[in-house]
Amino acid sequence: MKKKFYITTPIYYPSAKLHIGHAYCTTLSDIFARSKRERGYECYFLTGADEHGLKIEKNAQQAGVSPQEFVDNIVKGFYSLWDLLHISNDDFIRTTQERHTKVVQDIFSKMLAQGDIYLGHYEGWYCKDCEAFWTDTQVGKDHICPDCNRPVSKAQEEAYFFKTNKYLPNLLKFYDENPNFLTPVSRKNEMINTFIKPGLEDLCVSRTSFTWGIPVKENPKHVVYVWLDALTNYITALGYGSDNEEKFRKFWEDPDTEIIHILGADITRFHAIYWPMFLDALNLRKPDREFVHGLLMMKDAKMSKSKGNVVDPYPLVERYGVDAVRYYLAREITFGSDGSFSPVQFVERINNDLANSYGNLLNRTLGMMNKYFDGVIPSYKGQVTSFDGALETCIETTITSYEKAMDDLKITEAISYVNDLVNRANKYIDETMPWVLAKDETKKEELASVMNHLANAIYVASILYRPVLVTASEKALEQLGVTTENRNYNKLHNLKLLDNVKINKAEALFPRLDPTVEVEFINSLMGNH
Ligand code: MSP
């Protein structure tokens, strides 16, 4: 296991407000980053905005402002959305920042000088929305963009090209030698069968039909085409090519850093084919992993601004809290598969997993501790009741399975192990029946052991939930009387940690939601977009 992590999200287009699909990708990346930090790894987490391109130029024009003003305004919304969702990114890169633009120009010059980029003419099928050229085979007889299904049109212009075929053998070798590079594995086959086998075209890396981009120094009527500009954010953010490359050395060049890009299925091609080639051309190491998550659908269609079926995360967080939204995104949709946003399941998840299971476990336990032990957690005395051993084993196996799943980016699975522990602890209450033990003076030791074991189970569940339930798990730990210092992953295995701790006032973590009212509320939000 490497000691440091560099984890990135795609940089989002500030062409309009972000929706819950974008929030999904960033939240899951955040959960992963937090879980690594929690376990003591050094983690650098990057997100940002991809600010150039025709679409933004057009949207700005329509809004009657300059492209820079336009993106400044939208990016403000990105910052506040990430604040609202408690995203713990260490940096936010904007491709209009000088730290990026200058280096992109240098990268372009270097590639040009090396003969990786050449000037030619492009004629192809161009999708304005995706800002991508496609081949005849890809657009089919209906001339439809294979990514967004909108009509494409023939376009021709002078353009610079990146020689993909020069780097293709290296790429295929890299795929073979690094079977974990692209996951889920089905994505690698998709790359090979859909894009590589039919014949990979050279990639157009400049445009002359719009001006909102980074000018090519050698030929300023060209601006750098958006994917060469966009993908390099992952290294310019670390200071690559600048006067201070310290972060770059630490989080990119150091072999002890694991580099992980998280991205949506719609942009796999750019990350899995061209990005490794660009890195090859720059003689730089490639990322260790690219994890492709599925898309969040709405009513069986991809959620997108242009289809008008987007869910705005703001009102959801405002009404249900940040933890509920983060939890739903991480737990309901298996990370790596497509999923659909469903108001009914949203409410069910919160009620079942958070209010009825986790919240209720805490509440019941604190109530019993107040009633039977004056609000003090009894000390650990080993396995006193015949059920204690099983709960202890469950705690240990939960930690192990959770870590293994998280390391493999199986975030949904990792969380479900914590749920299992919570359910097991609730069952332990039914098995040990503390209210019966309390009636018998000779059972005092057993009752004390039950309370201690429950406190430990809640403690472990809360620490493991913490990367997801960023506020509620802290509240639970507070109510349980755990000091800030003791809210520490390294102390998970210490069964005596909570001995004689005085608990605090119990308060419900998650109010139970009325399904009829709430489903109607969420539906009304969706109708408004
Ligand atoms: N700017 C490019 C990415 C450049 S990365 C070097 C881009 N931006 S985007 O804003 O259109 O989308 C970025 C990412 O948002 C997608 O790849 C995906 O990760 C995420 N999602 C956008 N819509 C989504 C869903 N409906 N569901 C899940 N994720 C979604 O592409």
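Order of appearance sets the numbers: ligands from 1, and atoms from 1 within every ligand. Since this is a predicted model, take the numbers as computed values, not measurements.
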- Within a distance under 4.0 Å of any heavy atom of Pro10, pick out the atoms of ligand 1 and give their elements. 5 (S), 14 (C), 19 (O)
- Item | Near-ring test Tyr328/Tyr320, centroid separation under 6.0 angstrom | no
- For ligand 1, find out whether one of its N or O atoms is nearer than 3.5 Å to an N or O atom of Cys25. no
- Among Gly264, Gly53, Gly48, Gly21, closest by any non-hydrogen atom to atom 19 (O) of ligand 1: Gly264
- Query: Where do Asn523 and Phe521 land on the side chain to side chain contact (heavy atoms under 4.5 Å, CB included) test, with the steps shown first?
  - Reply: CA-CA 5 Å; Asn523 275 328; Phe521 171 77; over 6 Å; no
- Within the 6.0 Å centroid threshold, strictly below: Phe45 and Phe5: no
- Query: So is Tyr234 close enough to ligand 1, meaning a heavy atom under 4.0 angstrom away?
  - Reply: yes
- Query: Do Lys286 and Phe174 meet the cation-pi criteria used here (NZ or CZ under 6.0 Å from the six-membered ring centre, within 45° of the axis)?
  - Reply: yes
- Message: Only heavy atoms of Leu295, strictly under 4.0 Å: list the atoms of ligand 1 that pass.
- Response: 24 (C), 25 (C), 27 (N), 28 (C), 29 (N), 30 (C)
- Message: Can you tell me which portion of His293 lies within the under-4.0 Å heavy-atom range of ligand 1? Options are side chain, backbone, both, or neither.
- Response: side chain
- Note on the structure: Closest to atom 27 (N) of ligand 1 (heavy atoms only, candidates Thr268, Leu296, Asp229) is Leu296
- Judged by atom type as modelled, is there a donor-acceptor pair below 3.5 Å linking the side chain of His271 to the main-chain atoms of Thr268? no
- Decide whether an N or O pair under 3.5 Å exists between Asp50 and ligand 1. yes
- Task: May I ask you to list the atoms of ligand 1 that are less than 4.0 angstrom from any heavy atom of Ala230?
- Result: 6 (C)
- Which atoms of ligand 1 have any heavy atom of His19 under 4.0 Å away? 23 (N), 24 (C), 26 (N)
- Message: Within the structure, is a non-hydrogen atom of Trp227 found at a distance of less than 4.0 Å from ligand 1?
- Response: yes
- Ionic contact status for Arg39 with Asp407, cut-off 4.0 Å: yes
- Item | Numbered atoms and elements of ligand 1 in range of Ile267, under 4.0 angstrom, heavy atoms | 3 (C), 17 (O), 31 (O)
- Item | Ring centroid separation Phe162 to Tyr167 under 6.0 Å | yes
- Query: For Asp266, is at least one N or O under 3.5 Å away from an N or O on ligand 1?
  - Reply: yes
- Task: Using ring-ring contact (aromatic ring centres under 6.0 Å, His included) as the criterion, point out the one residue from Tyr234, Trp227, Phe195, Trp275 that pairs with Phe270.
- Result: Trp227
- Message: Are His293 and Tyr24, when compared by the centres of their aromatic rings, separated by less than 6.0 Å?
- Response: yes
